[in-house]
Amino acid sequence: QQTAPFDYVIFGATGDLTMRKLLPALYNQLRIGHVPEDARIIGTARSELSTEEYRTRAQEALEHFLPAPHKDAALIERFLKKIHYVTLDGTKEDPASWDDLHTVLKQSPADRIRVFYFSTAPQLFEAISENLHRFSFITPQSRVVLEKPIGTDSASARAINEGVSRFFKEEQIFRIDHYLGKETVQDIIALRFANPVFNAVWSAEHIQSIQITAAETVGVEGRAAYYDTSGALRDMIQNHLLQVLSLCAMEAPADLGADSVRDAKVKVLKALRPIPPEKVASETLRAQYITGTMDDVKVPGYLEELGDNSNTETYAVMRAYVDTPRWKDVPFYIRTAKRSHKKVSEVVVTFKKTASSLFGKDGEHNRLVIRLQPNEGFGLALNIKNPSAADFSLQHGAMDGRFAPADGSLIPDSYERLMLDAVRGYPALFIRRDEVEAAWAWVEPTLQTWAANKVPMTHYPAGSYGPKEARAFIATTGDAWHEDM
Ligand code: BG6
């Protein structure tokens with residue numbers, strides 16, 4: 001599936017995301033033959049660098065971030081030749097630096113696909129778009145990819161969307177949420193709709209609750225300045241985890257086309273039961289990590305890392321309800337943590353117990369665990385007969401499956417798929433404007449109530465499961481956290 005030739009123009013090309021994800025993703029797509037030979041990558045940023053210097057940085061990043069089986073010196077060499085660098089402040093109107101970009105882009109045919117990837121702070125999106133328009137870079141074959149976060153609340157998200165849409169049509173705008181590019185997240189659609197054993201029982205009639213977790217062992221790393229203005233809710237829940245929730249809860253789309261899937265997801269986001277300010281204390285939980293031990297090493301707490309006082313959460317839980325007939329009163333627990341004791345993203349579907357007099361006592365809950373990462377796959381907990389018991393007592397049995405490709409290759413990184421989908425003009429795995437705005441609208445009362453400090457901040461040691469208050473939180477609606485966090 002090689003794409004048409006393209007020029008990928010990355011704003012924020014010296015940043016962490018470009019080095020860690022974007023360049024390795026394009027390299028891998030070249031490796032598997034999806035990138036045509038005359039495709040080019042044009043990095044832009046404010047740093048004064050020559051193309052040669054930038055290629056050296058790119059090479060170091062590839063050496064560092066590519067998985068060992070994918071490293072190939074000759075291929076890296078071939079990839080680096082596709083890279084160009086232009087020193088440019090995308091927000092400035094100074095024509096001279098834009099001329100440099102023109103010089104590079106003019107080397108391609110005028111009708112070549114151009115992708116502008118904004119890997120910068122979202123406040124800059126409108127200004128960069130305006131300059132691209134002012135200096136005539138936006139062709140009919142151009143598209144723009146917007147990295148998250150789209151704003152910090154409803155108003156700023158609307159302003160950014162308005163701002164960019166003055167220069168790009170909605171079909172040219174690709175709002176990225178890298179969780180949608182994860183093969184395992186797309187497996188939620190496959191498991192639900194391609195398997196009658198799940199499809200037939202996927203509702204309040206049989207499902208007691210759904211837990212959606214994304215926990216990480218890393219702290220805020222070098223990103224404290226950004227993270228402190230964001231926090232766990234904005235960084236993970238408003239986007240990635242609400243997208244996962246939408247896929248779990250949506251009605252069957254008419255087809256897998258971009259609008260059908262996004263229509264189905266946005267209906268879920270709009271059906272989320274509002275959490276009014278007076279309910280935020282009972283329906284959400286926030287926490288910060290304090291000093292703890294990880295792998296026998298003492299690690300500092302969030303405030304020590306930040307070197308300042310802060311009310312930003314590094315852990316968040318929300319209890320959500322989707323007010324549609326299918327999900328009548330089924331709680332969805334959405335949870336995310338930094339500095340957790342292990343890295344795990346998963347969806348846990350707990351089925352209702354079958355009341356049956358046949359076996360003397362009820363069996364345990366059936367549980368479907370969709371392991372988004374790591375150890376990508378799924379587990380299903382069942383009740384089976386205890387083979388060594390003379391009576392008909394039950395015991396726990398488990399089925400396990402893996403999402404790994406059959407040929408033993410690694411699951412592609414989410415950015416690989418998404419970056420080339422933008423070239424292909426295929427928007428199904430990108431977020432539509434109404435989705436972003438609906439997601440902000442739902443989290444906003446919680447953000448405001450937390451910001452006003454009306455909900456206590458709880459704490460957990462780095463390297464632990466989270467704050468002890470989380471157990472009581474989930475128990476109020478009759479559930480327990482899936483142990484395997
Ligand atoms: C990003 C967040 O969007 O997702 C990061 O800004 C987080 O804070 C990352 O670490 C997690 O992504 P993944 O793919 O490792 O789960």
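In listed order, ligands and their atoms are each counted from 1.
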Ring of Phe473, cation from Arg319 - is the NZ or CZ under 6.0 Å from the centre and inside 45° of the axis?
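Yes; both conditions hold, so Arg319 lies above the ring face of Phe473.
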Salt bridge (charged side-chain N to carboxylate O under 4.0 Å, His left out) partners of Arg31, counting only residues at least two apart:
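Applying salt bridge (charged side-chain N to carboxylate O under 4.0 Å, His left out) to Arg31 gives none.
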Tell me, please, which residues at least two apart from Phe137 pass ring pair (Phe, Tyr, Trp, His ring centres under 6.0 Å).
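Listed in chain order: Trp98, His102.
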Non-hydrogen side-chain atoms of Met419 and Tyr117 separated by less than 4.5 Å:
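The answer is yes; the side chains approach within 4.5 Å.
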I want to check something: taking the side chain as every heavy atom from C-beta on, are Ser47 and Tyr54 in contact at a cut-off of under 4.5 Å?
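In short, these two side chains do not touch, never coming nearer than 4.5 Å.
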Sequence neighbours excluded - ring pair (Phe, Tyr, Trp, His ring centres under 6.0 Å) pairs with any residue from residues 215-247:
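For residues 215-247, and leaving out neighbouring residues, the ring pair (Phe, Tyr, Trp, His ring centres under 6.0 Å) pairs sorted by first residue read His178-His240, Tyr179-His240.
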Put together the list of close N/O pairs, under 3.5 Å, between ligand 1 and the protein, could you?
| from | atom 1 | to | atom 2 | distance (Å) |
| --- | --- | --- | --- | --- |
| ligand 1 | 3 (O) | Lys148 | NZ | 2.8 |
| ligand 1 | 3 (O) | His240 | NE2 | 2.7 |
| ligand 1 | 6 (O) | Lys148 | NZ | 3.0 |
| ligand 1 | 6 (O) | Arg223 | NH2 | 2.9 |
| ligand 1 | 6 (O) | Asp235 | OD1 | 2.6 |
| ligand 1 | 6 (O) | Asp235 | OD2 | 3.3 |
| ligand 1 | 8 (O) | Arg223 | NH1 | 2.9 |
| ligand 1 | 8 (O) | Asp235 | OD2 | 2.6 |
| ligand 1 | 8 (O) | Lys338 | NZ | 2.7 |
| ligand 1 | 10 (O) | Glu216 | OE1 | 3.2 |
| ligand 1 | 10 (O) | Glu216 | OE2 | 2.5 |
| ligand 1 | 10 (O) | Lys338 | NZ | 3.1 |
| ligand 1 | 12 (O) | His178 | NE2 | 3.1 |
| ligand 1 | 14 (O) | His178 | NE2 | 2.8 |
| ligand 1 | 14 (O) | Lys182 | NZ | 2.5 |
| ligand 1 | 15 (O) | Lys343 | NZ | 3.0 |
| ligand 1 | 16 (O) | Tyr179 | OH | 2.5 |
| ligand 1 | 16 (O) | Gln373 | NE2 | 2.8 |

